[in-house]
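Here is the naming used below: chain letters follow the sequence lines, and residue numbers restart at 1 for every chain. These numbers come from the heavy atoms of this one structure, side chains and all, not from hydrogens, waters or symmetry mates. This is a predicted model, so every value here is computed, not measured.
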There are 2 protein chains.
Amino acid sequence: MGTSLRDVARLAGVSVKTVSNVVNGYAHVSPATRAKVEGALSQLDYRPNLSARNLRQGRTGMIALALPELDAPYFAELSRCVIDAAAEHRWLVIIEQTGGALERERRILDGVRDHHVDGLILSPVAVGAEELAARTDDTALVLLGERIYDGPADHVAIDNVRAAHDVTEHLIGLGRRRIAALGAQDDTASGTAPLRLAGYREALAAHGLPETVVKVDRYQRAEGAAAMARLLASPEPPDAVFCFNDLLALGAMRTALAAGLRVPEDVALAGLDDIEDGRYSTPTLTTIAPDKNQLARIAVDLLKQRIDGHTARPPQEFMAGYDLIVRESTMGGGLSRGAG
Amino acid sequence: MGTSLRDVARLAGVSVKTVSNVVNGYAHVSPATRAKVEGALSQLDYRPNLSARNLRQGRTGMIALALPELDAPYFAELSRCVIDAAAEHRWLVIIEQTGGALERERRILDGVRDHHVDGLILSPVAVGAEELAARTDDTALVLLGERIYDGPADHVAIDNVRAAHDVTEHLIGLGRRRIAALGAQDDTASGTAPLRLAGYREALAAHGLPETVVKVDRYQRAEGAAAMARLLASPEPPDAVFCFNDLLALGAMRTALAAGLRVPEDVALAGLDDIEDGRYSTPTLTTIAPDKNQLARIAVDLLKQRIDGHTARPPQEFMAGYDLIVRESTMGGGLSRGAG
DNA sequence: CTGAAAGCGCTTACAG
DNA sequence: CTGAAAGCGCTTACAG
């Protein structure tokens, strides 16, 4: 293999223990000994064997981040934040993609105790609260970005109900009266969709406005485009659409513009996630911007606490902040004319 | 820790070796013994300790994928493909972000021999061929997506010169005569920019057309937007722009539309990467679509060969395929009017 | 302040 | 076909 502690010890003329002390920065090593050892270390270009260290310590220095798919911009941006936050604890991050499939979420939850990671951050889509609560594995787990009630594990998210309420209020405040929600889903165990729907309904109800709800299977551009086409084909099309994420909104925008509608004059569009695409689309996209760095940092810090066993408190919910970012897709700005 | 082979052996009344044989699927175990062992394995819910296995075998079953940043859509899409391809070899993937910084690329290359991964797929930006050639580490390495001449390691990419040539020819074929290139860079050791620039120049030269080259620091939307503004401010603005990636093109599109120009009537725009954003922008974006699955698969397979030591051949260059995808941003379609 | 020894859990020659 | 033993490289009580 490579150079081992024993090789270094032999060259420096000390014991393996002493070399280990130097490598790990323990205090009580005499300067002379330390110098000898450090000389040998650099002469042999010693690298600790992490598998051996892990075997001994029961730690791997790695965590897993499991999310639906890396190529959804929201998850890509969030992953970046998680990797950066993990780096501060000198953790490496293994990324696993679930595709939002129950089977794969289960396999990851089950595989976690194979001892290759110290903990797991999971962005669950399909797996339910009961199932999570029933898991026998005690590997540290933090849930990120979807709400699971009666938390079986620490959980971080934004307040989805309030965020959805804020967006809807914004649209109402602009004078829109036929406001559709795009992105409801057939009941999943743990989705955000019901929460965003609840916030939307709350706001409409407070103003006595009617609701129009369109379902999708997945939160992707193509689904947003197709769902928007259905909305536009209805007898009384909406004058505003709150899309449950930015990808849906960008797909919907494409359909609206391609149909010759003006955004926002004919139909205002808002999303949620604040992915970078929406800052450069034409028109630019009004959205809710979750504080992704905060989400990631809280998730990583909670995982750290659990891994270190510093805490025995019951699982808790943590909220990260968000902002409503108003852009052209609801406020105009002259760039929004379709070609119809 | 958890259940060890010894626990299983004790319960089954056999030796540790026999349990190991069953776990690893070795052939010569009597049916009766196998049944006993399997009973004990499932009764104790045995999970192999991967650190121990790795220590013994000198393999970790993990590879690292190092790229500039995960939240650039091209890299997010490529990462997805790499993770999927790696899964076929039962590898897990650790993702590291370099930010395109020399210092961080070096640290990753240097850290690879810390034995936590069996191999590295690196998408280099800053590090040079000489430096790579001089590395003393023998951890398996495959370079992905940027060209480094006189390959110090196996390398996979598309033919950037030819791809750039194809895009430029397409613009020329549409009758454009003032075709700018957006995305040149100050000389980096290994960038794709010079290759794309070469293809662009070749095509222009073949038709006796003049060149206009705009530099950027990074391949991001904001840089594309700013660079496009500079182009539009010139005395004789281009009637077409070949942007060296899709993000630059989407930024440029935003600037053009915001300035009231029609795309493609006033200025045609093309990119390279085929990220999903460009399939839903208005107008949709003409681009080069590299075969990302093929890129990922070749990279992973090459790494596998190196790790397994099946090959001692010198480093080689591999080309993946690509397609020119013509969309509205060069062909029109009526959706492209700015608001000027 | 330093050393000799045990042991983390696994796999692998080596016997039988 | 199965077992007893060594050893991968490290850290950690335990002595001195």
Q) Looking only at side chains, do Thr60(A) and Asp118(A) share a donor and an acceptor under 3.5 Å apart? A) yes
Q.
Is it true that Asp301(A) and His89(A) share a donor-acceptor pair across their side chains at a distance under 3.5 Å?
A. yes
Give the table of side-chain donor-acceptor pairs shorter than 3.5 Å for residues 72-83 of chain A, with sequence neighbours excluded, one pair per line with atom names and distance.
residue  : atom : partner   : partner atom : Å
Glu77(A) : OE1  : Lys292(A) : NZ           : 3.0
Glu77(A) : OE2  : Glu276(A) : N            : 3.0
Ser79(A) : OG   : Phe75(A)  : O            : 2.7
Arg80(A) : NH1  : Asp71(B)  : OD1          : 2.9
Arg80(A) : NH1  : Asp71(B)  : OD2          : 3.4

Got a salt bridge between [X] and [Y], using NZ or NE/NH1/NH2 to carboxylate O under 4.0 Å?
X: Arg306(B); Y: Asp308(B); result: no
X: Arg107(B); Y: Glu96(B); result: no
X: Asp110(B); Y: Arg104(B); result: no

Atom-to-atom span, [atom1] of [X] to [atom2] of [N] - whole angstrom:
X: Arg56(A); N: dA6(C); atom1: CZ; atom2: P; result: 13 Å
X: Arg59(A); N: dC10(D); atom1: CZ; atom2: P; result: 19 Å
X: Leu5(B); N: dA4(D); atom1: CG; atom2: P; result: 15 Å
X: Asn21(B); N: dC1(D); atom1: CG; atom2: C1'; result: 9 Å
X: Arg10(B); N: dA4(D); atom1: CZ; atom2: P; result: 13 Å
X: His116(B); N: dG9(D); atom1: NE2; atom2: P; result: 17 Å
X: Arg53(B); N: dT12(C); atom1: CZ; atom2: C1'; result: 14 Å
X: Asn49(A); N: dG9(C); atom1: CG; atom2: C1'; result: 14 Å

Just the atom pairs and distances: protein N or O near nucleotides 13-15 of chain C's N or O, under 3.5 Å.
none

Taking only the side-chain heavy atoms of [X] (C-beta and beyond), determine which of [options] contains the nearest atom.
X: Ser15(B); options: dT11(D), dT11(C), dA4(D); value: dA4(D)
X: Leu55(A); options: dC10(D), dG9(D), dC10(C); value: dG9(D)
X: Ser30(B); options: dC1(D), dC10(C), dT11(D); value: dC1(D)
X: Thr33(B); options: dT2(D), dT2(C), dC8(C); value: dT2(D)

For [N], does OP1 or OP2 lie under 4.0 Å from any side-chain N or O of [X]?
X: Ser4(B); N: dC8(C); value: no
X: Ser20(B); N: dT11(C); value: yes
X: Asn24(B); N: dT11(C); value: yes
X: Thr18(A); N: dG3(C); value: yes

Q. Among Gln305(A), Gln316(A), Arg313(A), whose side-chain hydrogen bond (donor to acceptor under 3.5 Å, both in side chains) with Asp154(A) holds?
A. Arg313(A)
Q: Tell me what Val14(B) touches on the nucleic acid: a base, only sugar-phosphate, or nothing, going by heavy atoms under 4.0 Å.
A: sugar-phosphate
(Q) Can you tell me how far apart CG (Asn54(B)) and CE (Met62(B)) are? Round to the nearest 0.5 Å. (A) 6.5 Å
Q: Look through every strand shown and name the nucleotide pairing with dG16(C) as Watson-Crick or G-U wobble, where both distances are under 3.5 Å.
A: dC1(D)
